[in-house]
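Down below is the structure, laid out as C-alpha cells.
Chain naming here is simple, since letters A, B, ... match the order of the sequence lines and numbering starts at 1 in each.
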There are 2 protein chains.
Amino acid sequence: MKVLIVDDEKLIRDVIKEYCFESKYEVIEAENGLEAINKAGEADVIIMDIMMPKMDGFSAYKIIKEKYNIPTIMLSARGEEYDKLAGFDLGIDDYVTKPFSPKELMARINAVVKRYKKEEEVFVYEDFKVDFLGHSVYINDKEICLTPKEYDLLVYFINNKGIALSREQLLNNIWNYDYLGNDRTVDTHIKMLRNNLGKYRNLIITVRGMGYKFEIKN
Amino acid sequence: MKVLIVDDEKLIRDVIKEYCFESKYEVIEAENGLEAINKAGEADVIIMDIMMPKMDGFSAYKIIKEKYNIPTIMLSARGEEYDKLAGFDLGIDDYVTKPFSPKELMARINAVVKRYKKEEEVFVYEDFKVDFLGHSVYINDKEICLTPKEYDLLVYFINNKGIALSREQLLNNIWNYDYLGNDRTVDTHIKMLRNNLGKYRNLIITVRGMGYKFEIKN
DNA sequence: CTAAATTATGAATATTTTGTGAAATATTTT
DNA sequence: AAAATATTTCACAAAATATTCATAATTTAG
C-alpha cells in the first residue's frame with residue numbers, strides 16, 4: 001500500500017511519514033499539487049494539504065480524479081468549514097483538521113483504504129457504468145449487452161487506463177497465452193465493442209502503428 | 001429503500017440527500033424530532049442529528065422506537081462522547097461525527113441496511129416470495145415445490161443478488177466440498193429451477209462465458 | 001498529391017457455449 | 001427391498017459468439 005503525502009511543509013510530511021511507516025505503508029512525497037499529479041499514478045491513497053504553492057490541493061484533486069480513482073484525504077486548517085463542504089462535493093473521502101492527531105489521521109487512512117477496497121467494484125464515467133460484480137455495463141441506466149470477449153476487453157482497458165496496448169499484448173492477456181490468431185481479430189472485437197459503447201465509442205482510441213488505448217478525455 | 005434525513009440545517013440535509021440519490025435511496029426529510037416522528041413510518045433507515053430545535057434526536061428516537069423498528073444512525077457533534085455512549089444504550093445502530101465524510105456516512109448506511117436485511121426472514125418480489133424460515137417458496141400464494149438443491153441454489157442466488165456467479169463458484173458453495181462433477185450439472189439444476197419459477201424464470205440471468213446471476217430488473 | 005501502410009468494417013464461416021430431454025445413478029422414504 | 005425422489009451424466013440441438021478475410025476507408029510519408 002502506497003501513500004502519497006502532499007504538503008509544502010517538510011516537517012508535516014515527516015510526521016505523517018513516520019506514522020505511515022509504523023502502519024506498514026510505503027510513502028511517496030510531493031510538495032505541491034503539480035508534483036502530486038505526476039506521482040498520483042503510483043499511489044493507493046493520497047493525503048493532501050489544501051493550501052500549497054504552485055497548485056492547491058483542490059485543483060490537484062480535480063485533475064487526479066479524472067485520471068485515477070484514488071481515495072483522498074484532505075488536510076485543512078482549523079475551521080475552514082466551507083472548504084470542507086466544497087471538498088466533499090468534489091468527492092474527497094475525508095478531512096483531517098490541522099493541527100491533527102496522527103493517530104486520528106492513521107485511523108482515517110485505514111478506514112478509507114478499507115472502504116475503497118470494497119467500492120472497487122464499479123467503474124463510472126458520466127453515465128457510463130461498469131458493474132464488475134454483475135458483469136454488466138450500463139449507459140444511462142440502460143444495460144448494454146456485451147459478448148464475453150467484448151466485456152473482457154473493456155475490463156482490461158479500464159484496468160489499464162491511459163496505457164497504449166499493442167494487439168499482441170491484448171491477444172496474450174485476453175485470449176489464451178499462445179494464441180496463434182490473426183491480428184485483425186483484435187480490430188474486429190474493438191469495432192464491435194465500440195459499436196456497443198455508442199456515444200462512448202471514442203473512449204477507445206486508436207494508437208496508430210501500435211494498438212489501442214482507453215482514455216478519459218478532458 | 002427510503003432514508004429519513006433529520007437535521008435542522010438544510011445544507012447538511014442536501015449534502016446527504018445528494019449522496020443518497022447516488023446510492024439509489026429515496027429520501028424523506030424532517031427538520032426536527034417532532035417531524036421525524038410523523039414521517040418515521042415511511043422510512044427504512046433514519047439518519048438523525050442529535051441537537052435540534054423543538055425536539056432533540058434522542059427523544060425522537062425513543063418515541064419512534066416504541067412504535068417502529070427502524071435502523072437509526074445518529075449525527076453527533078465532534079467529541080460528544082457521552083452522547084455516543086448513551087445512544088448505543090438506547091439501541092442506536094451507529095454514529096457519525098460531524099463534520100462527517102458523506103462517503104463514510106453512506107458506507108455506514110449501507111452497512112446498517114445490509115445488517116438489517118440479513119435479519120430478514122423472507123424475500124419478496126411482486127408475488128414471488130421465499131420464506132427462509134419455512135424453507136418454502138410461493139408464487140401467488142401458491143406453494144412451489146423445489147428439491148433441496150434447487151432451493152439451496154435459489155437462496156444462494158438471492159443472497160448474492162446482482163453478482164455474476166461462475167459454475168465453479170456455485171459448485172463450491174452449494175455442493176459442499178470440492179465437487180468433481182460435470183459443469184453441465186449446474187445447467188441442469190438451473191433449468192429445473194427456472195422451470196419451477198414459472199413466470200419468474202428470468203430472474204435467473206445467464207451471464208455468457210461466465211455463469212449465472214440473480215437480478216431484479218427495473 | 002500519390003503511394004504505401006495501417007486500420008475499419010461487413011459478411012461468411014467456424015467455434016464455443018448453453019438449453020434441454022432422457023436415461024442412468026444415487027439417495028431417501030415407506 | 002421396493003418405491004419414490006433427487007441428482008448426475010450425456011448427447012445433441014439451438015443459440016450466441018469468435019474468427020477470418022476481402023474490401024473500403026483512413027492516415028502518413030515522401
Side-chain angles (χ1 to χ4, degrees), chain A residues 135-137 143-157 164-215, chain B residues 135-137 143-157 164-215:
Chain A
H135 269 238
S136 38
V137 179
E143 184 163 3
I144 303 303
C145 293
L146 298 183
T147 67
K149 275 266 152 42
E150 283 159 31
Y151 178 77
D152 289 349
L153 247 184
L154 178 60
V155 171
Y156 191 75
F157 271 126
L165 304 162
S166 69
R167 295 184 173 71
E168 195 188 355
Q169 202 170 343
L170 292 167
L171 283 170
N172 285 336
N173 285 286
I174 298 169
W175 280 256
N176 305 327
Y177 27 97
D178 51 326
Y179 183 78
L180 302 169
N182 193 323
D183 259 13
R184 259 44 330 263
T185 299
V186 176
D187 298 38
T188 299
H189 284 280
I190 294 281
K191 171 194 68 179
M192 297 190 297
L193 179 55
R194 278 174 171 161
N195 284 343
N196 284 318
L197 293 187
K199 67 174 172 171
Y200 290 105
R201 56 161 39 243
N202 41 12
L203 286 176
I204 296 172
I205 295 161
T206 302
V207 183
R208 224 150 204 273
M210 208 283 172
Y212 300 91
K213 71 176 170 177
F214 184 90
E215 200 163 59
Chain B
H135 269 241
S136 39
V137 180
E143 184 161 3
I144 302 304
C145 293
L146 298 182
T147 68
K149 276 265 150 43
E150 284 159 30
Y151 179 77
D152 290 350
L153 245 186
L154 178 59
V155 171
Y156 192 74
F157 271 127
L165 304 162
S166 69
R167 294 182 173 72
E168 196 188 354
Q169 205 170 341
L170 292 167
L171 284 171
N172 285 335
N173 285 287
I174 298 170
W175 279 258
N176 312 329
Y177 43 89
D178 295 80
Y179 182 79
L180 301 170
N182 195 321
D183 261 11
R184 247 80 278 295
T185 299
V186 175
D187 297 40
T188 299
H189 283 278
I190 293 282
K191 171 192 68 179
M192 296 189 298
L193 178 55
R194 277 174 172 162
N195 285 343
N196 285 319
L197 293 187
K199 66 173 172 171
Y200 290 106
R201 56 162 35 244
N202 42 11
L203 287 176
I204 296 171
I205 294 163
T206 302
V207 182
R208 278 218 145 220
M210 208 280 170
Y212 299 92
K213 71 177 170 178
F214 183 90
E215 200 164 60

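At whole-Å resolution of the value, CG in B:D183 and P in C:dT18 are 9 Å apart. At whole-Å resolution of the value, CG in A:D187 and C1' in D:dA22 are 14 Å apart. Atom CD1 in B:I190 sits about 15 Å away from atom C1' in D:dT8, given to the nearest Å. With rounding to whole Å, B:L193 atom CG is found 14 Å from D:dA6 atom C1'. Atoms CD1 (A:I174) and C1' (D:dT17) sit 15 Å apart, rounded to a whole Å. Remark: C1' of C:dT6 and CZ of A:R208 are 4 Å apart, rounded to the nearest angstrom. One interatomic measurement links the two molecules: CG of B:N182 to P of D:dC12, which rounds to 15 Å at whole-angstrom precision. Look at CD1 on B:I204: it is 12 Å from P on C:dT20, rounded to the nearest Å.
Tested against A:L165, the residues A:E168, A:Q169, A:R167 include a single side chain to side chain contact (heavy atoms under 4.5 Å, CB included) partner, A:Q169.
Within the nucleic acid shown, A:K149 comes within 4.0 Å of sugar-phosphate atoms alone, with no base atom in reach, counting heavy atoms only. Residue contacts shown for B:R167 are limited to sugar-phosphate atoms, with no base heavy atom under 4.0 Å away. Contacts of B:T188 with the nucleic acid, taken as non-hydrogen atoms under 4.0 Å apart, include base atoms.
Counting only N and O atoms by type, the side chains of B:Y200 and B:R194 include no donor and acceptor under 3.5 Å apart. Between the side chains of A:K213 and A:T206, no donor-acceptor pair is found at a separation under 3.5 Å.
Residue A:T206 has its side chain nearest to C:dT7 when only C:dG19, C:dT7, D:dT7 are considered.
Residue A:Y212 places no side-chain N or O under 4.0 Å from the OP1 or OP2 atom of C:dT6. Between C:dT20 and B:R184, no contact under 4.0 Å exists linking OP1 or OP2 to a side-chain N or O. The side chain of A:W175 contributes no N or O atom lying less than 4.0 Å from OP1 or OP2 of D:dA18. At the phosphate of D:dA18, OP1 or OP2 sits under 4.0 Å from a side-chain N or O atom of A:T147.
Between B:P148 and B:K191, it is B:P148 whose nearest contact on DNA chain D lies nearer the 5' terminus.
Remark: D:dA4 base-pairs with C:dT27. Criterion, Watson-Crick or G-U wobble with two distances under 3.5 Å.
Summarising the geometry of B:E150 relative to B:H189, their closest heavy-atom pair is CG-O, 4.5 Å, with the distance given to 0.1 Å. Contact detail for A:V207 and A:A164: the closest heavy-atom pair is CG2-CB, 4.0 Å.
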